Each structure stands twice: as C-alpha cells, then as structure tokens.
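To start, the structure itself, in structure tokens.
In the text below, chain A, chain B and the rest are named by the order of the sequence lines, each starting its count at 1. What you see is a predicted model, and the numbers here were worked out from it, not measured in a lab.
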Protein chains: 2
Amino acid sequence: MKKAATIRDVAARAGVSVSVVSRVLNGTGPVAAPKRAQVLDAIEALAYRPRAAARQLSQGHSDTVGLLLADLTNPFFARLADRVVADARARDLQILLMTTQEDPHLEAQALDTLLDRSVGGMIGTPTGHNVERWEKLAALDIPAVFVDRTVAELDQVDVVSIENVQSAATATRHLLDRGHTRVGIVSGPLDTSTGVERVRGYEQALRERGVARDERLVRPAPFRGDRGADVVAEMLALDEPPTGLVVANTAQVRVVLKMLAQARIAIPGDLSLVVFDDNPWTDLIRPPLTAVRQPIDMLALHSVELVHARMRQKLPPAPRRIRVPAEFLERSSTTHL
Amino acid sequence: MKKAATIRDVAARAGVSVSVVSRVLNGTGPVAAPKRAQVLDAIEALAYRPRAAARQLSQGHSDTVGLLLADLTNPFFARLADRVVADARARDLQILLMTTQEDPHLEAQALDTLLDRSVGGMIGTPTGHNVERWEKLAALDIPAVFVDRTVAELDQVDVVSIENVQSAATATRHLLDRGHTRVGIVSGPLDTSTGVERVRGYEQALRERGVARDERLVRPAPFRGDRGADVVAEMLALDEPPTGLVVANTAQVRVVLKMLAQARIAIPGDLSLVVFDDNPWTDLIRPPLTAVRQPIDMLALHSVELVHARMRQKLPPAPRRIRVPAEFLERSSTTHL
DNA sequence: TTGTAGGCGTTATCAA
DNA sequence: TTGATAACGCCTACAA
C-alpha cells in the first residue's frame with residue numbers, strides 16, 4: 001500500500017508538466033491531442049484521483065453543500081433529504097448533513113462548524129433563532145437557501161417552500177364547505193413562518209365563509225414532543241368542540257392520531273381530519289387521511305438548483321422566493337357534518 | 001465583506017508567530033500563559049476559524065465520514081441517519097451523505113467520489129456488488145464500517161448489525177408456538193446478508209419445531225419496488241396458504257400491508273403477521289403490529305464509535321463484528337390458529 | 001501549446 | 001518556549 005499518486009506522478013509518467021495534467025483534468029486551457037492521451041493513460045494506470053482538499057484550498061471554494069435539517073425522524077425531512085442528495089449528485093455537489101433537532105443551540109453549533117468554509121453553500125430549515133450566524137455565513141460569501149420555512153429577519157436569503165397560506169386555506173375551506181362551523185387548527189409555533197402562514201390561511205378561509213374565529217380553536221404546538229395531543233384534547237373538551245380539524249404541524253400528526261385513537265374519537269364520524277404532509281403510511285391507516293401533499297421533489301430540486309447557481313454566481317443578487325403549490329388529496333377522513 | 005482572517009492575521013495581531021497560534025489551536029506543544037491569552041483575544045477579535053481544507057491538506061487526513069445509505073425513504077435508514085449524525089457530532093466528525101438507492105451503479109459512483117480522500121472513514125449499507133471499490137478504499141487506508149448488512153467477500157470490514165438469525169427465529173417460533181404450521185417469510189434478496197441470515201433463522205425455527213420447509217413459503221423480494229406484494233399474493237393463492245407470515249424485508253412491509261388491506265385479508269383473523277422494524281406508525285395502524293424492533297440507536301452508536309476509533313488507529317487490525325440483539329414486541333397482529 | 005514557479009492556509013520539524 | 005521554514009497537492013498566472 002504505497003502512498004497514493006499525486007498530480008506530479010501523473011505528469012512524470014506522462015512525460016508532461018503538471019499544468020498539462022491540470023488542464024486535461026479541468027478542461028481549462030488547450031492540450032495537444034497526443035499529450036492528452038498520454039495523460040489520460042497515466043491517470044488510468046496510477047488510479048489517480050485529485051485530492052479534494054488540495055483543490056479546495058487552491059481554488060478557495062468548495063463543492064460541498066451543507067444540509068441542515070430539523071429532524072430526520074420526521075418522514076417529511078427524510079424524504080426531502082433523499083431527494084436533495086439525489087439532485088446534488090446530478091450536479092456533482094457533495095452533501096454535508098447536520099440536524100438541529102429544532103434546537104437553536106445545535107443549530108448555532110452546526111453553523112459555527114460550517115463557518116470554516118468547508119462548505120460552498122447551505123440548504124437548511126432554520127429554527128429561527130440564529131440570525132447573526134446566518135448573516136455571518138452570507139458575509140463569508142456562502143450562499144444559503146431556506147427550504148420549507150424561512151425567517152422574517154433574514155429576508156436576503158433565498159427561500160423554497162410550498163404555498164402555505166393557500167394550502168391551509170384550501171384545507172380549511174374543504175371542511176367549512178362540508179358544513180363544519182367549528183373547525184380547529186393545530187399549527188407549528190407562531191414564531192415560525194410555517195406556523196404563522198398556515199394559521200393565516202386558515203383565518204382567511206374562515207373570513208371568506210363568514211365564520212367567526214374562535215381563539216380556542218387555534219392552537220400552536222412545538223415541533224418536538226407530544227404537545228399536539230394535549231392541545232387537541234383540550235379543544236375536544238370545550239363546550240362546543242370542533243367537528244373539523246386541520247393538523248398543519250407535520251411533526252405532530254402522529255401523536256394527534258394516536259391520541260384520537262386512544263380517546264376513541266371516530267374519524268370522520270366524530271371529527272373530520274385534514275393533515276399536512278402525505279406520508280407513505282397516510283393511506284395505510286384507517287381511514288385513509290385527507291391530506292395536503294407537499295411536492296417534496298420540487299422543493300428539493302429548486303433548493304439544489306438555487307444553491308448551485310448561487311455558488312457559481314450565476315444569479316442576480318436579489319433574493320429568490322420560490323413557492324410551489326401543494327396538492328390537496330381528499331380521502332376518507334373528512335365528511336359532511 | 002473583507003476576506004476572512006487566516007492564521008497569519010491572528011499571529012500578527014497577537015504579536016506572535018504562526019506556530020504559537022497553531023499550538024494554542026491544537027493544544028500541541030507548549031505556550032506561555034500570557035501569549036496564549038493574546039492569541040485567544042486575537043482569534044476572538046478576528047472571528048478566526050481555521051480553514052478545514054488547509055488543515056486536511058496539511059495533516060493528510062479528514063475528519064469527515066462518508067455515510068452511504070440505501071434509501072432515506074425507508075424510515076429505518078432515515079432514523080439510522082438521524083442517530084449517526086447526532087453521534088458523529090458528539091465526536092466532532094462531519095457526515096458526508098450519499099445514497100445508493102440499492103443500485104450498484106450509484107454505489108460505485110459514490111465510492112469513486114470518495115476515493116479522493118475527502119473522507120477519513122465510511123459507514124455504509126453495501127449493495128453487495130462493488131467488492132473491488134470497497135477494497136480500494138481499504139487500500140487507501142480509509143476505514144469502513146458496514147451497518148445493517150455485510151458482504152461475504154469483504155470479511156475484513158467491520159460490521160454492526162442486529163442478530164439476524166436469532167431475530168428471525170424468534171419471530172418464526174412465535175408463530176409456530178401459536179399453532180401455525182404454514183408460516184411464510186418474505187425476505188430480502190438472497191444475495192444480501194440480511195436476506196440469507198433471516199431465512200436461516202426462519203429455517204432453524206422450523207427445524208426446531210419439526211415443521212417441514214415448503215419452498216413456496218420462502219419468498220425473497222427486492223428492496224425496491226412492489227414485488228413484496230406479489231409474492232405474498234402468490235403465497236396466499238396456494239392450495240394450503242400460510243396462516244402466519246414474517247415480513248423480514250423492512251422495505252417491503254408497507255406494500256405488503258397495503259396489498260393485504262386491499263385484498264381484505266383480516267389480520268390476525270386470516271393471517272398472523274410479524275414484521276421487521278418497528279416504525280413510529282407500526283402502532284398507529286390497526287391492528288398494531290407485532291414487530292422485531294431493531295435498536296437503531298445502538299447500531300448508529302457502534303458504527304460511529306468504530307469508524308472513529310479506526311480513524312485514530314486506536315484499534316487492533318482484526319475486523320470487528322458487532323451484533324446487537326433485537327427486541328421482539330408482541331402486539332395484536334398475531335394470534336393462535 | 002507547454003512548462004516554471006508562486007500561492008492557497010495549516011501543520012510539523014528543528015534550530016535558536 | 002518560540003519562530004522560521006519546508007511540506008501538503010493543486011491551480012494558475014506568466015514566460016517561453
């Protein structure tokens with residue numbers, strides 16, 4: 001196991017200079033056909049592979065993209081990661097993966113790690129609490145793209161997400177149009193963009209249909225933990241409990257379903273249910289759930305394309321905000337009142 | 001946005017040489033207390049962060065670990081990734097993520113990418129088809145750890161997996177002991193270690209209980225696609241269909257369940273079911289599924305510890321094979337015949 | 001069209 | 001305890 005070949009070894013074996021090798025490697029500058037062949041042969045013979053670190057150091061930038069996701073335990077993010085990885089490979093980008101577990105401290109730590117410029121760009125689902133570090137990234141010329149959510153203070157950052165307001169409005173209208181007047185929503189925290197936007201869509205639908213808003217039916221829940229279940233239980237304990245419910249907090253769908261099952265609430269008999277995110281198991285449970293399907297492949301594709309373009313400075317500086325429509329899937333968890 | 005500080009800038013500002021800075025940075029070699037303080041101040045003031053690429057080039061090795069997983073769409077791998085990322089951070093290791101989608105070509109491509117020594121180690125779920133490249137990695141002194149599965153020809157590589165034989169035997173015995181004599185198994189492909197080992201456990205249980213093996217009840221299915229459903233349908237169409245079934249192919253559990261539901265096979269009335277891997281939704285569907293729970297956190301922890309140790313050459317060369325026991329969870333999808 | 005040489009930011013060796 | 005200085009492997013003017 002002698003030590004691996006370097007560009008110099010290749011040059012020597014091919015009887016040329018290192019610049020020639022470098023040029024055939026990167027397609028930069030001219031090379032005479034015969035020499036090119038010799039170089040290629042040498043590379044083949046020596047099983048030469050350019051050292052990533054050396055190249056990065058020399059060029060000053062990296063082809064690695066940091067992917068900072070909330071939580072791979074949530075199928076939504078897991079599938080997002082799957083697509084991002086695939087799209088990144090198609091563009092010869094490497095993916096450095098980290099998770100925040102929705103914890104600002106972990107996010108801060110991750111961001112600090114990335115500040116060493118080991119990445120040339122970032123794709124992330126921000127917790128909303130590390131504005132300064134995200135800004136520092138930008139100051140270091142490391143382009144970032146927020147996916148799924150965004151942060152109000154960071155309005156210079158590109159964003160790719162679904163049409164949250166519209167989607168929530170559609171889901172709510174679906175229930176209202178079926179005679180439900182008591183419709184609840186479990187959202188994400190109200191200091192997250194998805195939380196506020198989906199509540200806004202909910203309220204918009206209510207207004208459109210002339211239904212009064214009841215404070216007690218709008219319940220945010222953290223992404224982590226089981227709070228979503230309590231919150232629904234509390235709604236159901238009201239004098240006039242909701243007959244329709246929108247679970248707009250992807251991460252809480254599971255616990256809500258579990259609670260509902262344990263409380264023996266019949267769906268859609270006792271409660272009509274619309275959930276955000278269409279998991280592979282959404283149609284495995286009984287009844288199959290009416291859902292807002294987020295086009296994960298589009299979210300991933302746009303995110304990767306965006307960082308890629310930014311990394312090659314192929315884009316005007318103005319921040320891009322890409323919002324893709326979500327699909328509404330009516331199944332069997334909703335019915336007329 | 002002036003360009004980022006280098007070690008030289010820090011040295012200059014602190015009024016010392018780069019060597020001193022390097023030493024306080026890495027705790028290598030002695031530094032007088034007052035100088036150390038000055039250096040720390042300078043680092044703080046300049047928001048200095050050592051360039052990862054430069055360090056890597058100089059030291060000749062990387063603190064990045066490649067994580068090559070089959071498919072993040074499968075909750076088992078997604079949760080594994082989640083834990084690996086967490087454990088890696090605790091050890092200051094970075095995770096470079098790639099997926100094979102169970103495709104040997106993609107695996108080959110990924111491994112080729114890694115051959116540039118951008119990673120100092122690997123954790124992966126091998127497809128079983130790129131023996132030469134895995135060997136080349138080893139020749140380059142890049143330690144690899146297989147997790148979940150292994151490859152027979154690569155017996156020099158560390159492995160972390162569950163006790164596949166035992167787990168399958170337990171699952172099978174559970175059914176046999178409830179009076180089922182026609183017990184089927186849907187396994188992974190028989191050219192994968194998990195496939196053969198779980199079938200072996202199944203056969204062992206059969207032997208123990210003196211039940212004859214029926215070729216037609218042992219059906220491997222690829223990890224990708226919907227073949228698992230067909231295979232079960234075929235079993236059920238036999239003259240003497242099985243009354244018990246072990247789905248030992250994690251990736252096929254979903255499609256099998258879906259098919260069973262569509263065919264209106266009552267569980268456990270018509271068919272007693274044991275599945276491998278206990279997903280968060282395994283107890284959301286009805287009936288809750290009896291399952292083999294793989295201790296994902298242990299798999300992740302051992303894998304990360306192993307690469308970490310290998311990367312620091314803290315381990316004797318002999319390959320390690322760590323097999324952790326899986327837990328058997330009886331729920332409501334199995335019953336006496 | 002080719003080759004030489006300097007630089008990228010760190011670490012490490014070895015005098016002082 | 002400190003400080004020059006030579007690697008590390010690649011890219012890229014610049015000269016030939």
- Query: Between which nucleotides of DNA chain C, read 5' to 3', does contact with chain B run, using atoms under 4.0 Å from its heavy atoms?
  - Reply: C/dG9 to C/dA12
- Item | Worked check of side chain to side chain donor-acceptor pair (under 3.5 Å) between B/Arg323 and B/Ser161 | CA-CA 5 Å; B/Arg323 320 206 72 116; B/Ser161 75; 2.9 Å; yes
- Between the side chains of A/Arg149 and A/Ser193, is a donor N or O closer than 3.5 angstrom to an acceptor N or O? no
- Item | Partner of B/Asn130 under side-chain hydrogen bond (donor to acceptor under 3.5 Å, both in side chains), chosen from B/Glu107, B/Lys136, B/Glu135 | B/Glu107
- Query: How does protein reach along nucleotides 7-15 of chain D, written 5' to 3' as B (base within reach of a heavy atom under 4.0 Å), S (only sugar-phosphate), or - (no contact)?
  - Reply: -BBBSB---
- Query: Would you find a donor on one side and an acceptor on the other, under 3.5 Å apart, between the side chain of A/Thr64 and the backbone of A/Val119?
  - Reply: no
- Between A/Asp112 and A/Arg133, is there a side-chain N and carboxylate O pair less than 4.0 Å apart? yes
- Message: Any donor-acceptor pair under 3.5 Å linking the side-chain atoms of A/Gln101 with those of A/Thr99?
- Response: yes
- Between B/Asp116 and B/Ser118: side-chain donor-acceptor atoms closer than 3.5 Å: yes
